Amino acid sequence: QDTEAWLKSKWMVIDRLLSLEAKQRTPKARSPEAALQRLLEANRHLTAESGAILLQRGATETPAGKGLLGDGARHSAGPTLGQSRESFTVEQCVKLLQKIQDRVLIIVAQDGLLVPHKLDDRNHFVKALREAFESILKEHIQLVEVPGSHFVHLNEPEVVSGIISNFLTAQNTRARL
(Lines give C-alpha, C1' and ligand atoms only; values in the text may rest on other atoms or scores of the structure.)
Protein backbone atom coordinates (compact mmCIF):
# COMPACT_ATOMS: atom_id res chain seq x y z
CA GLN A 1 0.00 0.00 0.00
CA ASP A 2 2.72 2.46 0.96
CA THR A 3 4.72 2.26 -2.25
CA GLU A 4 6.86 5.28 -1.41
CA ALA A 5 8.09 3.80 1.89
CA TRP A 6 8.68 0.42 0.25
CA LEU A 7 10.74 1.95 -2.55
CA LYS A 8 12.74 3.98 -0.03
CA SER A 9 13.55 0.82 1.94
CA LYS A 10 14.64 -0.93 -1.28
CA TRP A 11 16.99 1.93 -2.14
CA MET A 12 18.45 1.80 1.38
CA VAL A 13 19.21 -1.92 0.97
CA ILE A 14 20.74 -1.36 -2.47
CA ASP A 15 22.85 1.52 -1.17
CA ARG A 16 24.07 -0.58 1.74
CA LEU A 17 25.01 -3.48 -0.53
CA LEU A 18 26.83 -1.18 -2.96
CA SER A 19 28.69 0.40 -0.05
CA LEU A 20 29.69 -3.02 1.26
CA GLU A 21 30.82 -4.15 -2.19
CA ALA A 22 32.98 -1.04 -2.50
CA LYS A 23 34.65 -1.84 0.84
CA GLN A 24 34.95 -5.55 0.17
CA ARG A 25 38.45 -6.80 -0.30
CA THR A 26 39.33 -9.52 -2.74
CA PRO A 27 38.48 -12.90 -1.26
CA LYS A 28 41.46 -14.82 0.08
CA ALA A 29 42.46 -17.38 -2.54
CA ARG A 30 42.59 -21.00 -1.45
CA SER A 31 43.16 -24.32 -3.11
CA PRO A 32 39.89 -26.10 -3.96
CA GLU A 33 40.49 -28.48 -1.03
CA ALA A 34 41.18 -25.63 1.42
CA ALA A 35 38.17 -23.68 0.16
CA LEU A 36 35.96 -26.72 0.73
CA GLN A 37 37.41 -27.25 4.21
CA ARG A 38 36.77 -23.58 5.10
CA LEU A 39 33.18 -23.83 3.86
CA LEU A 40 32.51 -27.03 5.81
CA GLU A 41 33.96 -25.53 8.99
CA ALA A 42 31.67 -22.51 8.65
CA ASN A 43 28.57 -24.61 7.85
CA ARG A 44 28.55 -27.69 10.04
CA HIS A 45 25.32 -29.01 8.48
CA LEU A 46 26.88 -29.36 5.02
CA THR A 47 28.24 -32.62 3.68
CA ALA A 48 31.43 -32.59 1.62
CA GLU A 49 29.40 -33.27 -1.53
CA SER A 50 26.97 -30.42 -0.77
CA GLY A 51 29.86 -28.10 0.03
CA ALA A 52 31.40 -28.88 -3.35
CA ILE A 53 28.11 -27.98 -5.04
CA LEU A 54 27.95 -24.66 -3.17
CA LEU A 55 31.56 -23.92 -4.07
CA GLN A 56 30.72 -24.38 -7.74
CA ARG A 57 27.99 -21.73 -7.34
CA GLY A 58 29.54 -19.33 -4.87
CA ALA A 59 33.31 -19.21 -5.27
CA THR A 60 35.26 -17.06 -7.66
CA GLU A 61 38.23 -18.37 -9.56
CA THR A 62 41.37 -16.29 -9.21
CA PRO A 63 44.83 -17.01 -10.62
CA ALA A 64 45.87 -18.00 -7.08
CA GLY A 65 42.93 -20.36 -6.42
CA LYS A 66 39.30 -20.23 -5.29
CA GLY A 67 38.00 -17.20 -3.41
CA LEU A 68 35.01 -17.70 -1.14
CA LEU A 69 32.48 -14.94 -1.61
CA GLY A 70 31.40 -15.30 2.02
CA ASP A 71 34.81 -14.17 3.27
CA GLY A 72 34.09 -10.50 2.62
CA ALA A 73 31.95 -7.80 4.17
CA ARG A 74 28.81 -8.73 2.24
CA HIS A 75 28.53 -12.04 4.08
CA SER A 76 28.97 -10.46 7.48
CA ALA A 77 26.28 -7.92 6.59
CA GLY A 78 23.79 -10.61 5.61
CA PRO A 79 22.32 -11.15 9.08
CA THR A 80 22.22 -7.40 9.64
CA LEU A 81 20.20 -6.91 6.48
CA GLY A 82 17.97 -9.81 7.42
CA GLN A 83 17.44 -8.70 11.01
CA SER A 84 16.58 -5.15 10.06
CA ARG A 85 13.85 -6.58 7.79
CA GLU A 86 14.36 -3.73 5.37
CA SER A 87 13.51 -6.06 2.52
CA PHE A 88 9.93 -6.76 3.60
CA THR A 89 7.85 -6.10 6.68
CA VAL A 90 5.52 -8.79 8.02
CA GLU A 91 2.60 -6.71 6.76
CA GLN A 92 4.07 -6.56 3.24
CA CYS A 93 4.63 -10.33 3.28
CA VAL A 94 1.03 -10.88 4.39
CA LYS A 95 -0.27 -8.70 1.54
CA LEU A 96 1.80 -10.68 -0.94
CA LEU A 97 0.53 -13.97 0.49
CA GLN A 98 -3.06 -12.78 0.14
CA LYS A 99 -2.52 -12.41 -3.61
CA ILE A 100 -1.50 -16.04 -4.10
CA GLN A 101 -4.21 -17.95 -5.92
CA ASP A 102 -2.51 -21.25 -6.66
CA ARG A 103 -1.34 -24.13 -4.48
CA VAL A 104 1.90 -23.64 -2.55
CA LEU A 105 4.32 -26.29 -1.34
CA ILE A 106 6.47 -25.39 1.65
CA ILE A 107 9.05 -27.92 2.79
CA VAL A 108 10.38 -27.20 6.27
CA ALA A 109 13.46 -28.94 7.60
CA GLN A 110 13.00 -30.11 11.20
CA ASP A 111 16.32 -28.55 12.15
CA GLY A 112 15.68 -25.49 9.99
CA LEU A 113 14.31 -21.99 10.38
CA LEU A 114 10.49 -22.26 10.38
CA VAL A 115 10.00 -25.08 12.91
CA PRO A 116 7.47 -23.79 15.51
CA HIS A 117 9.03 -25.35 18.63
CA LYS A 118 12.41 -23.85 17.74
CA LEU A 119 11.13 -20.30 17.30
CA ASP A 120 11.91 -18.24 20.36
CA ASP A 121 10.21 -14.99 21.35
CA ARG A 122 12.98 -12.91 19.75
CA ASN A 123 12.21 -14.24 16.29
CA HIS A 124 8.96 -12.34 15.74
CA PHE A 125 9.39 -12.01 11.98
CA VAL A 126 9.79 -15.73 11.26
CA LYS A 127 7.07 -16.67 13.76
CA ALA A 128 4.61 -14.18 12.22
CA LEU A 129 5.53 -15.34 8.73
CA ARG A 130 4.90 -19.00 9.60
CA GLU A 131 1.53 -18.08 11.16
CA ALA A 132 0.63 -16.03 8.07
CA PHE A 133 1.48 -18.94 5.76
CA GLU A 134 -0.77 -21.25 7.73
CA SER A 135 -3.71 -18.85 8.17
CA ILE A 136 -3.79 -17.09 4.80
CA LEU A 137 -2.80 -20.01 2.61
CA LYS A 138 -4.73 -22.65 4.57
CA GLU A 139 -6.76 -23.55 1.48
CA HIS A 140 -3.75 -23.43 -0.86
CA ILE A 141 -0.87 -24.70 1.22
CA GLN A 142 0.83 -28.04 1.52
CA LEU A 143 3.27 -27.75 4.41
CA VAL A 144 5.58 -30.72 4.86
CA GLU A 145 8.18 -31.15 7.60
CA VAL A 146 11.13 -33.36 6.76
CA PRO A 147 14.10 -34.53 8.80
CA GLY A 148 17.24 -32.55 8.16
CA SER A 149 18.84 -29.14 8.30
CA HIS A 150 18.60 -26.01 6.17
CA PHE A 151 20.66 -27.89 3.58
CA VAL A 152 18.40 -30.98 3.36
CA HIS A 153 17.80 -30.32 -0.35
CA LEU A 154 21.56 -30.50 -0.97
CA ASN A 155 22.56 -33.15 1.58
CA GLU A 156 19.69 -35.55 0.98
CA PRO A 157 17.78 -34.55 -2.16
CA GLU A 158 15.89 -37.85 -2.09
CA VAL A 159 14.09 -36.64 1.06
CA VAL A 160 12.47 -33.75 -0.83
CA SER A 161 12.46 -34.90 -4.46
CA GLY A 162 9.47 -37.24 -4.08
CA ILE A 163 7.47 -34.60 -2.24
CA ILE A 164 8.19 -32.03 -4.95
CA SER A 165 7.48 -34.51 -7.75
CA ASN A 166 4.13 -35.56 -6.21
CA PHE A 167 3.15 -31.91 -5.70
CA LEU A 168 3.98 -30.98 -9.30
CA THR A 169 2.23 -34.07 -10.65
CA ALA A 170 -0.91 -33.22 -8.66
CA GLN A 171 -0.73 -29.62 -9.93
CA ASN A 172 -0.37 -30.77 -13.52
CA THR A 173 -3.34 -33.18 -13.14
CA ARG A 174 -5.47 -30.41 -11.61
CA ALA A 175 -4.50 -28.03 -14.43
CA ARG A 176 -5.73 -30.54 -17.05
CA LEU A 177 -9.14 -30.99 -15.40
Side-chain angles (χ1 to χ4, degrees), residues 1-2 6 9-10 13-14 17 35-59 68-70 74-177:
Q1 297 277 348
D2 190 356
W6 185 78
S9 74
K10 297 295 134 230
V13 170
I14 291 168
L17 286 173
L36 178 59
Q37 186 60 38
R38 167 74 175 89
L39 185 62
L40 295 177
E41 287 170 3
N43 299 280
R44 62 181 176 82
H45 292 292
L46 278 175
T47 64
E49 185 179 352
S50 298
I53 291 169
L54 287 179
L55 272 181
Q56 288 174 354
R57 296 181 198 165
L68 296 180
L69 297 178
R74 172 179 272 219
H75 184 267
S76 64
T80 306
L81 288 173
Q83 288 169 352
S84 70
R85 304 293 172 220
E86 289 178 13
S87 293
F88 287 103
T89 65
V90 172
E91 294 77 21
Q92 289 168 331
C93 289
V94 167
K95 286 179 182 169
L96 287 172
L97 289 174
Q98 290 170 336
K99 294 185 182 299
I100 295 175
Q101 297 178 6
D102 208 344
R103 301 272 309 149
V104 175
L105 171 65
I106 299 176
I107 299 175
V108 178
Q110 289 175 347
D111 294 327
L113 181 64
L114 291 175
V115 181
H117 67 273
K118 294 196 176 219
L119 296 177
D120 61 26
D121 292 334
R122 293 169 291 162
N123 207 336
H124 299 293
F125 184 86
V126 175
K127 208 171 203 172
L129 191 57
R130 169 85 186 228
E131 290 168 5
F133 277 130
E134 291 173 345
S135 66
I136 294 169
L137 297 176
K138 63 182 168 236
E139 309 281 322
H140 305 285
I141 193 172
Q142 180 181 344
L143 184 70
V144 181
E145 281 191 30
V146 297
S149 71
H150 172 75
F151 298 107
V152 68
H153 60 292
L154 286 171
N155 292 338
E156 301 169 282
E158 66 280 359
V159 170
V160 298
S161 63
I163 297 166
I164 295 168
S165 179
N166 290 340
F167 177 80
L168 293 175
T169 300
Q171 294 300 64
N172 192 28
T173 302
R174 202 173 296 182
R176 284 185 266 149
L177 293 176

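As the structure is a computational prediction, the values presented were derived from the model and not from experiment. Excluded from the calculations below are hydrogen atoms, water molecules and symmetry mates; all remaining heavy atoms, backbone and side chain alike, are included.
- Within the model, atoms CG of Leu54 and CG of Leu40 stand 9.5 Å from one another, a figure rounded to the nearest 0.5 Å.
- Within the 4.5 Å cutoff, no side-chain heavy atoms of Val104 are placed close to those of Phe133.
- Distance check, rounded to the nearest 0.5 Å: CD of Glu156 to NE2 of His153 gives 12.0 Å.
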Show every donor-acceptor pair shorter than 3.5 Å between a side-chain atom in residues 42-49 and any protein atom, with sequence neighbours excluded, or say none if there are none.
from, atom 1, to, atom 2, distance (Å)
Asn43, ND2, Leu39, O, 3.1
Thr47, OG1, Ser50, N, 3.1
Thr47, OG1, Ser50, OG, 2.9
Thr47, OG1, Asn155, OD1, 3.3

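- The CG atom of Asp111 sits 12.5 Å away from the CZ atom of Phe151 when rounded to the nearest 0.5 Å.
- Ser165 places no side-chain N or O within 3.5 Å of a backbone atom of Ser161 that could act as its donor or acceptor partner.
- Every residue two or more places apart in sequence or in another chain that forms a side-chain contact (heavy atoms from CB on, under 4.5 Å) with Ile164 is listed here: Leu105, Ile107, Val160, Leu168.
- Rounding to the nearest 0.5 Å places CD of Gln98 at 9.5 Å from CG of Leu137.
- Residues that satisfy the side-chain hydrogen bond (donor to acceptor under 3.5 Å, both in side chains) test with Glu158, not counting sequence neighbours, are absent from this structure.
- The heavy-atom pair separating Gly51 from Leu36 by the smallest distance is C-CD1, 3.6 Å.
- The shortest heavy-atom contact between Ala109 and Gly148 is CB-O, 3.4 Å.
- Separation of atoms CD1 (Ile100) and CD1 (Ile136) is listed at 9.0 Å; rounding is to 0.5 Å.
- A pairwise comparison of heavy atoms in Val159 and Pro147 identifies CG1-O, 4.2 Å as the closest pair.
- Annotation: side-chain hydrogen bond (donor to acceptor under 3.5 Å, both in side chains) contacts of Gln142 (sequence neighbours excluded): none.
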